[in-house]
Chemist: 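Okay, handing you the structure first.
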Amino acid sequence: PLSIIPAGSAPAGGACTRNQSDKMMEQQNNTPGQMPPTAPESPVTAPDAPAAAPKKRRPLWQKLLLVFVIALVALVALAAAYVNGKLDLIHYSDGTVEEMGTIDAGEDQDLDTTGLAHNEEEMVMPEGSPFADDNVLNILLISTDERTEAVNDWDAFTHLNQLDGTRATTEFSENARADSLILCSLNIEQNTIKLISIERATGVPILLEGYEDQYDWITHTFRYGGAKLTMDTVEDCFNVQVDHYVRFNFNSFVQIVDAVGGVDIRLTEQEAKALNWEVPSNSMLIVNKVEPGLNHFDGYTALQYARLRAIDDDWHRIQRQRTVIQAVLDQVQHASVAELNDLLNTVLPLVQTNFTKSEIAALMLQIPGFLGATAQQMSVPVQGTYGSRIGMDNRQMYDPDWSENIRLIHQFLYGRDATRDWFATPTPEPEVEEDAVLYGQEEPQPAATAQPGPEPREPSAADSPGGE
């Protein structure tokens, strides 16, 4: 039988009525901070996505271009590393020295100035800044003489192996003296090479404090103040801008020539006799006998040839030096890539310069245009444009007519003559009447009467440094 539960009474056993359950659910759903429940949404089926388009393939030319660019970048990186490695072999110096060197009073006292007009007057030097051309690069080549037994003994040829990468050739002494000076002028626009040999006994003023009105050989300036002073002296005296210098040890001459496989030199009969010691000579003994005519020289024999002067004079000596330089250039233009690499490895450690790495790298881009070029040559002071004078330690030296030599140098290098721009022209004295008006005097004054003096005389050869 069913029992009836009165309204408002709790069900037995904790059971709830439907109404109580509904109220409890309503209270829970209305708890503050809670959102009322939402009706469950019926699942929505997403529309079917369009099928992915097939991946577009690059054209073949794009792939090839990408490979080419990557290869080009890699080659440039390798080339930069190669060039930088070679440039690290060079000795870099601004050319200055820490302290001034000296020249012994007994050095270079054998210059013969017989027949030259002697001058005791002060040198007349150019004024103003040296001439420069944006298309012309002037480099002073300085061969220094750090004499060692390896190349100066009478039997030097028996121990030439001492020259192979030794300190005698790869290090540079501040106390060395310059043996020869050559101004190498490169015309970047016309791809021409011009060489000016400067006679080592050329007298120049010493551009150092305390040496006013003192003169000495131009090669001695290197001992006094290093490459920087020598460059400044060339600029001052010859009135051409000298941009850089390249110095090499005279001992390295042997290695440089050997590195290009030797050089071909044509000898006169007298030169052949001097090298063979059939006549008195200032060269060292050589290994193989040479003959008049064309000969192929190794580095040591080429060095002895370049030193010859006992059979004639120093002018012919510097011509021989230029001949060897041209012969080396002729050999280089036929060298293979491997030979050029070996040449750089040999030559660069023998060089000192004030070029920077970036300047050398830029210059290397210009070098192909100069391969095969024949260097035009001249020597200064020019014959007939110099006399003689006595300088420091009573040393005889050549005394150039600077005005005339500058004119000839500018004509040779630049095809122009601007001597008048650098040499002061005497200005005539203004007449007294003009002076009077200039200073506001009311009446012009009579011109001054010249006082009696010595009779004028004709100029003699001794008055001119360019005299015969």
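These values consider heavy atoms only, across backbone and side chains, with no hydrogens, waters or symmetry-generated copies.
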Chemist: Indicate yes or no: at least one non-hydrogen side-chain atom of D88 is less than 4.5 angstrom from one of K357.
Modeler: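 SC-SC contact between D88 and K357 confirmed.
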Chemist: Grab the two heavy atoms, one from Q331 and one from V263, that are nearest each other, plus how far apart they are.
Modeler: CG-CG1, 4.3 Å
Chemist: Hey, could you give me the NZ/CG distance between K194 and N187, rounded to the nearest 0.5 Å?
Modeler: 7.0 Å
Chemist: So do N354 and M231 actually touch side chain to side chain, heavy atoms under 4.5 Å?
Modeler: yes
Chemist: E278 side chain to A274 main-chain N or O, any donor-acceptor pair under 3.5 Å?
Modeler: no
Chemist: Could you check D236 against V234 for side chain to side chain contact (heavy atoms under 4.5 Å, CB included), going step by step and ending with a plain yes or no?
Modeler: CA-CA 6 Å; D236 237 46; V234 172; over 6 Å; no
Chemist: Could you tell me which non-hydrogen atom of S281 sits nearest to which non-hydrogen atom of L308, and how far apart they are?
Modeler: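 Of all heavy-atom pairs spanning S281 and L308, the closest is OG-CD2, 3.5 Å.
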Chemist: Would D216 and Q214 count as a side-chain hydrogen bond (donor to acceptor under 3.5 Å, both in side chains) if you check the C-alpha gap in whole Å, the side-chain angles of each, and the deciding distance to 0.1 Å?
Modeler: CA-CA 7 Å; D216 206 345; Q214 295 288 322; over 6 Å; no
Chemist: Taking only Lys NZ, Arg NE, NH1 and NH2, and the carboxylate oxygens of Asp or Glu, determine whether R177 and E107 approach each other closer than 4.0 Å.
Modeler: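 E107 and R177: salt-bridged.
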Chemist: Testing the 3.5 Å rule here: is there a donor-acceptor pair between the side chains of K86 and N341?
Modeler: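 Distance-only check passes for K86 and N341.
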Chemist: Within this structure, what is the OG1-CG distance for the pair T230 and D232, rounded to the nearest 0.5 Å?
Modeler: 8.5 Å
Chemist: Counting neighbours of CG on N135 that are heavy atoms of other residues, nucleotides or ligands and sit closer than 6.0 Å, is the number greater than 12?
Modeler: yes
Chemist: Measure the CD1-CZ distance between I193 and F370 for me, rounded to the nearest 0.5 Å.
Modeler: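 It is 6.5 Å, given to the nearest 0.5 Å.
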Chemist: What's the spacing between Q396 CD and W217 CH2 if we round to 0.5 Å?
Modeler: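 One finds 10.0 Å between CD of Q396 and CH2 of W217.
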Chemist: Enumerate the side-chain hydrogen bond (donor to acceptor under 3.5 Å, both in side chains) contacts for residues 95-106, please, sequence neighbours excluded, ordered by first and then second residue.
Modeler: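 Found D94-T96.
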Chemist: Checking E339 now: which residues fulfil salt bridge (charged side-chain N to carboxylate O under 4.0 Å, His left out) with it, not counting sequence neighbours?
Modeler: none
Chemist: Is the backbone N or O of V242 less than 3.5 Å from a side-chain atom of E235, with the two atoms forming a donor-acceptor pair by type?
Modeler: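 Pair found, side chain donor or acceptor close to backbone of V242.
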Chemist: Does the gap between the ring centers of Y398 and W315 come in under 6.0 Å?
Modeler: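 Yes: the rings meet the under 6.0 Å criterion.
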Chemist: Please report the shortest heavy-atom distance between V204 and M123, naming the atom on each side.
Modeler: N-CE, 4.1 Å
Chemist: Quick check against the 3.5 Å criterion: does N84 have a side-chain atom that pairs as donor or acceptor with the backbone of A80?
Modeler: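 No, the answer is negative, given that no donor and acceptor are paired below the 3.5 Å cut-off.
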Chemist: Tell me, with the steps shown, if T385 and N405 meet side-chain hydrogen bond (donor to acceptor under 3.5 Å, both in side chains).
Modeler: CA-CA 7 Å; T385 67; N405 278 277; 3.0 Å; yes
Chemist: By the definition side chain to side chain donor-acceptor pair (under 3.5 Å), identify the one residue from Q319, R322, E199 that meets it with S379.
Modeler: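 When Q319, R322, E199 are each tested with S379, the side chain to side chain donor-acceptor pair (under 3.5 Å) holds only for R322.
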Chemist: How about N138 and S185: does a side-chain donor come under 3.5 Å of a side-chain acceptor?
Modeler: yes
Chemist: Using only atom types and a distance under 3.5 Å, with no angle test, would you say the side chain of D393 pairs donor to acceptor with the backbone of R395?
Modeler: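 Here the side-chain-to-backbone pair does not exist.
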Chemist: Does some side-chain heavy atom of S93 sit less than 4.5 Å from a side-chain heavy atom of Y245?
Modeler: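 Contact flag for Y245/S93 side chains = yes.
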Chemist: Flag the pair Q321 / D179 as yes when at least one side-chain heavy-atom distance between them is below 4.5 Å, and no otherwise.
Modeler: yes
Chemist: To the nearest 0.5 Å, how far apart are CZ in R389 and OG1 in T113?
Modeler: 12.5 Å
Chemist: With a 4.5 Å cut-off on side-chain heavy atoms, are I218 and L181 touching?
Modeler: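 Yes; the side chains approach each other to less than 4.5 Å.
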Chemist: Under 6.0 Å from the CG atom of N394, do we count more than 12 heavy atoms belonging to anything else shown?
Modeler: no
Chemist: Please give me the minimum heavy-atom distance between V97 and G226, naming the atom from each residue.
Modeler: CG1-CA, 3.8 Å
Chemist: Do side-chain atoms of H244 reach the backbone of T353 as a donor and acceptor pair under 3.5 angstrom?
Modeler: no
Chemist: Name all residues meeting the side-chain hydrogen bond (donor to acceptor under 3.5 Å, both in side chains) criterion together with D108; count only those two or more places apart in sequence or in a different chain, and write none if there are none.
Modeler: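 Counting only residues at least two positions away or on another chain, D108 forms a side-chain hydrogen bond (donor to acceptor under 3.5 Å, both in side chains) with H220.
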Chemist: Quick one: do R317 and D312 make a salt bridge, cutoff under 4.0 Å?
Modeler: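 Answer for the salt bridge query: no.
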Chemist: So, does W277 use its side chain to make a donor-acceptor pair with the main chain of I286 at under 3.5 Å?
Modeler: no
Chemist: Quick one: CZ on R416 to CZ on R407, what's the gap to the nearest 0.5 Å?
Modeler: 13.5 Å
Chemist: Would Q304 and F297 count as a side chain to side chain contact (heavy atoms under 4.5 Å, CB included) if you check the C-alpha gap in whole Å, the side-chain angles of each, and the deciding distance to 0.1 Å?
Modeler: CA-CA 10 Å; Q304 304 314 318; F297 287 169; over 6 Å; no
Chemist: Would you call E271 and R320 a salt bridge, taking side-chain N to carboxylate O under 4.0 Å as the test?
Modeler: yes
Chemist: Mind running side chain to side chain contact (heavy atoms under 4.5 Å, CB included) on V380 and F238 for me, showing each step along the way?
Modeler: CA-CA 10 Å; V380 291; F238 295 103; 3.8 Å; yes
Chemist: So, using salt bridge (charged side-chain N to carboxylate O under 4.0 Å, His left out) as the criterion, who are the partners of R309 when residues are at least two apart?
Modeler: none
Chemist: Within the structure provided, determine whether I196 and I182 are in side-chain contact (heavy-atom separation under 4.5 Å).
Modeler: no
Chemist: Give every residue pair that meets the salt bridge (charged side-chain N to carboxylate O under 4.0 Å, His left out) criterion with at least one member in residues 359-378, sequence neighbours excluded.
Modeler: none
Chemist: If you define the side chain from C-beta out and look only at heavy atoms, does anything of D401 sit under 4.5 Å from Y386?
Modeler: no
Chemist: Might you point out which heavy atoms bring A302 and V324 nearest each other, and give the distance in Å?
Modeler: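 Smallest interatomic distance, heavy atoms only, reads O-CG2, 4.3 Å.
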Chemist: I need the minimum non-hydrogen distance between G203 and P400, along with the two atoms involved.
Modeler: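 In terms of heavy atoms, the two residues are closest at O-CD, 3.9 Å.
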Chemist: Only counting residues at least two apart or in another chain, list the ones meeting ring-ring contact (aromatic ring centres under 6.0 Å, His included) with Y414.
Modeler: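 With neighbours one apart ignored, the set is F131, H410.
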Chemist: A side-chain contact here means heavy atoms from C-beta on lying under 4.5 Å apart; do M125 and W402 qualify?
Modeler: yes
Chemist: So L141 and S143, side chain to side chain contact (heavy atoms under 4.5 Å, CB included) or not? Walk me through it.
Modeler: CA-CA 7 Å; L141 307 181; S143 168; over 6 Å; no
Chemist: Please indicate whether E122 has more than 12 foreign heavy atoms, meaning atoms of other residues, nucleotides or ligands, lying under 6.0 Å from its CD.
Modeler: no
Chemist: Between Q326 and D330, do the side chains contain an N or O donor and an N or O acceptor separated by less than 3.5 Å?
Modeler: yes
